[in-house]
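Letters go in sequence order (proteins before strands), and every chain restarts at 1.
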Amino acid sequence: MGYPFKRIEAKWQKRWEETKLYKTDFSHHRNKCYTLVMFSYPSSDKLHLGHWFNYGPTDTWARFRRLRGYNVFEPMGFDSFGLPAENYAIKTRGHPRDITEENIRYIRRQLKQIGAMYDWDHEVITSRPEYYKWTQWIFLQLYKAGLAYRANAPVNWCPSCNTVLANEQVVGDGRCERCDTPVTKRNLTQWFFKITAYAERLLQNLDKLDWPEKTKTMQRHWIGRSEGAEIDFRLADDSQRIIKVFTTRPDTLFGVTYMVLAPEHPLVEDITTPTQKEEVQQYVEATLRESEIERLFTEKDKTGVFTGAFAVNPVNGEKVPIWIADYVLMTYGTGAVMAVPGHDERDFEFAATFELPIRKVILEPGTREDAPLTAAYTGEGVMIQSGPFTGVPSQEGREKIIQWLEEKGIGRRKINYRMRDWLVSRQRYWGAPIPIVYCDHCGEVPVPEDQLPVELPYEVDFRPTGESPLQTHEGFKNTQCPQCRGPATREVDTMDTFVDSSWYYLRYFTPHLENAPFDREIVNQWCPVDKYVGGAEHATMHLLYARFVNMVLYDLGYIQFEEPFTSLRHQGVIMGPDGQKMSKSLGNVVNPDDYLEKYGSDVFRCYLMFGFDYAMGGPWDDSGIASMDRYLNRVWRLFQNCRWVFREGNAYRRKGPEEEKLIKTLHRSIKGATIDIERFHFNTAISRLMELTNELYRYTGNRPREEQNAGLLKEILEKFNIMLSVFAPHLGEELWERTGHDYSIFHQRWPEYDPKLLEEDTVEYAIQINGKVREKVRVPREASREAIIQAALQTGRIPKLLDGKQIVKTIVVPNKLINIVIR
RNA sequence: GCCGGAGUGGCGGAACUGGCAGACGCGCCGGACUCAAAAUCCGGUCGGGGUGACACCCGGUGUGGGUUCGAGUCCCACCUCCGGCACCA
């Protein structure tokens, strides 16, 4: 029963490896095609369906490109540092390094089953010193460029992972990206990368990338550029102290009736008057006690407290009260806002709650100036009650006010970004140590490059205490200052694993290179990545960080391309059979290994390609995979039935209508598959192959061998075989061998289609009357418009249907249809 | 709340820039092969009406409007699902 997939798959995997079939020759790069999938993460989990869905179809694309004459490089590696391995080690009382190395061995074996073109001589493993040595080198380059700094700041803290998180790593309503625990805040001195310095370029370059719009939109939103002004409000006392605010609506400056500071704002303690002290203190404490989740809850009522202090509106000298409220965030803008309740919804709500004055300074078109405001008007209009600016349209007014502020030196044009710097310190063990030493004499000293790597010691108690585990390792911690040779201590935090994965695509060419992170010449010839494929969940983390690091390396002159990934695709998510996201807790996880055992790798990867829209994914379906098993067996039988064609052949050379039809189907099939694979529409590409298979069955099943054109069949089967091989590489290679061809099918060329063969001499037109199809007619391809209409008017029932009616208009769509409009 | 994406037969999913909706597959129905079944091969399969059987007619792409000779595709409003962001000043 069934074709012997087990034997076949094992045989070819071995043969491919032995003959180094997938060794990329880097010496010529004219047709280079760097195909990259997001590398795998060997924690406690083995390869799951998501990996297969990512890797299998992408390999099909890469094989397709190879057969089309591209010099393809498709590497694989392991993103092997990180918390899951560490947490798993704690649970099982093992060691992260042992567990990781063991998992890599296991997953590597699983990956080989996919039958992908990975060149294992180029494997990259981020937790190996030969790799993280260069991750540390990257850190040092950023440090030297002034892009790595230490700051004491409130940071996101995950109490379950016992470590800090970057902003991007807090997901949903304030939960940890890894473990879903609600995130809290802590004040800590941590290392940051100054990604905000690149905000504008990261934003601008998006336009040049062939990425899903969705992903670009997410990055744009994440960067969050907004234009406006920074305005200085002097305090009403004589202290000369200033509160800076950022606003996108300087045109509403005359409408300011109060100010609000974030409760954490450093000035709060300073300016609060004695009578308000207690109330303010209580409010500040209450805010700090609030969880991130509570604070982010939009629907709650506005709260706040008056500080007792006043500021002066620079535009009209008015004294306005200064409040504090938790709706103002310390982390956005300056942590202070000028409140314009007339034209900002939040300010309006707040003013209504605390009975603060509301002033209308922008007139909504079509309304009267003396009509009272019942809600904030946030649109454009003419400025009113705005001193010298009264009567100016608001958009123009923004510019004028900024000019006025700049002339007076009390404000300036400002572009603000939502994005914050990238927090890279982690208080955990299983990561690359940050290559910095602290010396009483010299202060913060970077480890000299020739002393890298700063090796991660093995014997460490890494149970999470909230302190960095390396803290307890005296041998690691205590060291010598590289500058003065005096006693010093090492930085004990390790790096966020997103640093590891932000440059791995540069290392693949030369994974064992000892004196540099990458071979500049090869990298400049072979990068950027031509096609990058991976999950959409990395849209604002990995994909932003990698772009940033790449851009820094570009600025520092190490590489000659600014963007790492020219073209990006995301695979969709395969859900459980119940239509829900697969998860252990729901018990709907589908294990690929069971299906590999039952159907084999080719069937499995083909089903993944055929059963889903690649970009969308969908629920897993058992009957679907059975149908793919049936199809590949059908192909197998077809080749068995046709063995004689390759062995004996015959003299039958006729090309009658049956043969013509077969040829036409072949070319249609080639065309469809060619276009669809290129654009990642694997499901329709496979359906084109099925059509060809069906046609071949019809042809060979209906007549004796003597009346089958063996020469033609041979040619078509060979072309079909080549196309099949990119989807089912093992089966493809086996059939190629069995039909007497030389190893390997992957040295062949993808078949070309002849567009002329797809053009028929006559074209069928649908004849519509008032948009409804009534008849069909065949006319010569080159027929004139008039000839087509004439033919249509005489076809079948058309004359009768037109009888007694008046033709108003006739539309002819070339090669498609003609529509006769009658009354 | 805002920003994206999607909603098409019993099911997975096709349909390039507006042009014959439902490719391909699953399921189901029928036929061939078989003593029989499975497997396989061949054919049918959107719904309703109509016919002895055809022909043919009508309706149909989440809902309601609109633009157009013509709308799954474009526009407006709404509903549902998924993803992102969430008091962003």
Interatomic distance where [atom1] belongs to [X] and [atom2] belongs to [N] [whole Å]:
| X | N | atom1 | atom2 | value |
| --- | --- | --- | --- | --- |
| A:Met575 | B:rC81 | CE | C1' | 11 Å |
| A:Arg418 | B:rC2 | CZ | P | 18 Å |
| A:Arg688 | B:rC16 | CZ | C1' | 12 Å |
| A:Glu695 | B:rC24 | CD | P | 11 Å |

Using the salt bridge (charged side-chain N to carboxylate O under 4.0 Å, His left out) criterion, which residues pair with [X]? Sequence neighbours excluded.
| X | answer |
| --- | --- |
| A:Lys816 | none |
| A:Lys805 | none |
| A:Glu658 | A:Arg703 |

From CA spacing to verdict: side chain to side chain contact (heavy atoms under 4.5 Å, CB included), A:Met609, A:Asn683 | CA-CA 5 Å; A:Met609 286 185 266; A:Asn683 51 351; over 6 Å; no
For atom C1', what is the distance between B:rA89 and B:rG5, given to the nearest Å?
->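 Looking at atom C1' only, B:rA89 and B:rG5 are 29 Å apart.
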Nearest-angstrom distance, P atom, B:rC16 to B:rC11 =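 Pairwise P distance, B:rC16 against B:rC11, rounds to 22 Å.
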Listed pairs under 3.5 Å, donor-acceptor, residues 610-625 of chain A side chains, sequence neighbours left out:
from     : atom 1 : to       : atom 2 : distance (Å)
A:Asp613 : OD1    : A:Ala615 : N      : 3.1
A:Tyr614 : OH     : A:Phe53  : O      : 3.0
A:Tyr614 : OH     : A:Asn54  : O      : 3.4
A:Trp620 : NE1    : A:Tyr595 : OH     : 3.1
A:Asp621 : OD1    : A:Ser623 : N      : 3.1
A:Asp621 : OD1    : A:Ser623 : OG     : 3.0
A:Asp621 : OD2    : A:Ser623 : OG     : 3.2
A:Asp622 : OD1    : A:Tyr595 : OH     : 2.4

Side chain to side chain contact (heavy atoms under 4.5 Å, CB included) involving A:Thr331 - partner list, sequence neighbours excluded |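 Here the qualifying residues are A:Leu329, A:Arg420.
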Looking at residues at least two apart in the chain, or sitting in another chain, which of them share a side chain to side chain contact (heavy atoms under 4.5 Å, CB included) with A:Val337?
->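 A:Val337 satisfies side chain to side chain contact (heavy atoms under 4.5 Å, CB included) with A:Val260, A:Val328 once adjacent residues are dropped.
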Residue pairs involving residues 253-265 of chain A (criterion side chain to side chain donor-acceptor pair (under 3.5 Å); sequence neighbours excluded) |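 Sorted pair list: A:Glu264-A:Arg295.
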For the side chain of A:Lys302 and the base of B:rC87, is some donor closer than 3.5 Å to an acceptor across the two?
->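 Result: at least one qualifying N/O pair found.
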NA contact type, A:Arg220, heavy-atom cut-off 4.0 Å: base, sugar-phosphate, or nothing?
->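 Answer is nothing: A:Arg220 stays at 4.0 Å or more from every strand.
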Residues A:Arg412 and A:Asp232 bridged, charged N to O under 4.0 Å =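 Here A:Arg412 pairs with A:Asp232 in a salt bridge, since their nearest N and O are under 4.0 Å apart.
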Under 4.0 Å between a Lys/Arg side-chain N and an Asp/Glu carboxylate O for A:Asp676 and A:Arg679?
->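 Here A:Asp676 pairs with A:Arg679 in a salt bridge, since their nearest N and O are under 4.0 Å apart.
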Closest to side chain of [X], choosing from [options]:
| X | options | answer |
| --- | --- | --- |
| A:Ser687 | B:rA89, B:rC24, B:rC20 | B:rC24 |
| A:Ala766 | B:rC20, B:rG84, B:rA23 | B:rC20 |
| A:Asp613 | B:rA89, B:rC24, B:rG13 | B:rG13 |

Every protein N/O within reach of nucleotides 54-56 of chain B N/O, cut-off under 3.5 Å:
from   : atom 1 : to       : atom 2 : distance (Å)
B:rC56 : O3'    : A:Arg797 : NH1    : 3.3

What protein N or O atoms touch nucleotides 64-70 of chain B N or O atoms at under 3.5 angstrom, if any, and at what distances?
from   : atom 1 : to       : atom 2 : distance (Å)
B:rC69 : OP1    : A:Lys809 : NZ     : 3.3
B:rC69 : O2'    : A:Asn819 : ND2    : 3.4
B:rC69 : O2     : A:Asn819 : ND2    : 2.6

How would RNA chain B look in dot-bracket form, 5' to 3', counting Watson-Crick and G-U wobble pairs with both distances under 3.5 Å and writing | for bases paired to another strand?
-> (((((((..(((......[....)))((((((.......))))))((((......))))..(((((..]....))))))))))))....
Position toward the 5' end of RNA chain B (nearest nucleotide), A:Trp222 or A:Lys772 |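 The residue mapped nearer the 5' terminus is A:Lys772.
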Is a side-chain N or O of A:Asp347 found less than 3.5 angstrom from the main chain of A:Val340, in a donor-acceptor match?
->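 At least one qualifying donor-acceptor pair exists.
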Return the orientation label for the A:Phe720 and A:Phe639 ring planes: parallel under 30°, perpendicular over 60°, tilted otherwise.
->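 Parallel, since the angle between the ring planes stays under 30°.
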Does a donor on one side chain and an acceptor on the other come within less than 3.5 Å for A:Ser226 and A:Asn416?
->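 No.
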Protein-nucleotides 3-12 of chain B N/O pairs closer than 3.5 Å?
from   : atom 1 : to       : atom 2 : distance (Å)
B:rG12 : O2'    : A:Gly611 : O      : 2.5

Per-nucleotide protein contact along nucleotides 40-50 of chain B, 5' to 3', at a 4.0 Å heavy-atom cut-off (B base, S sugar-phosphate only, - neither), is SSSS-------
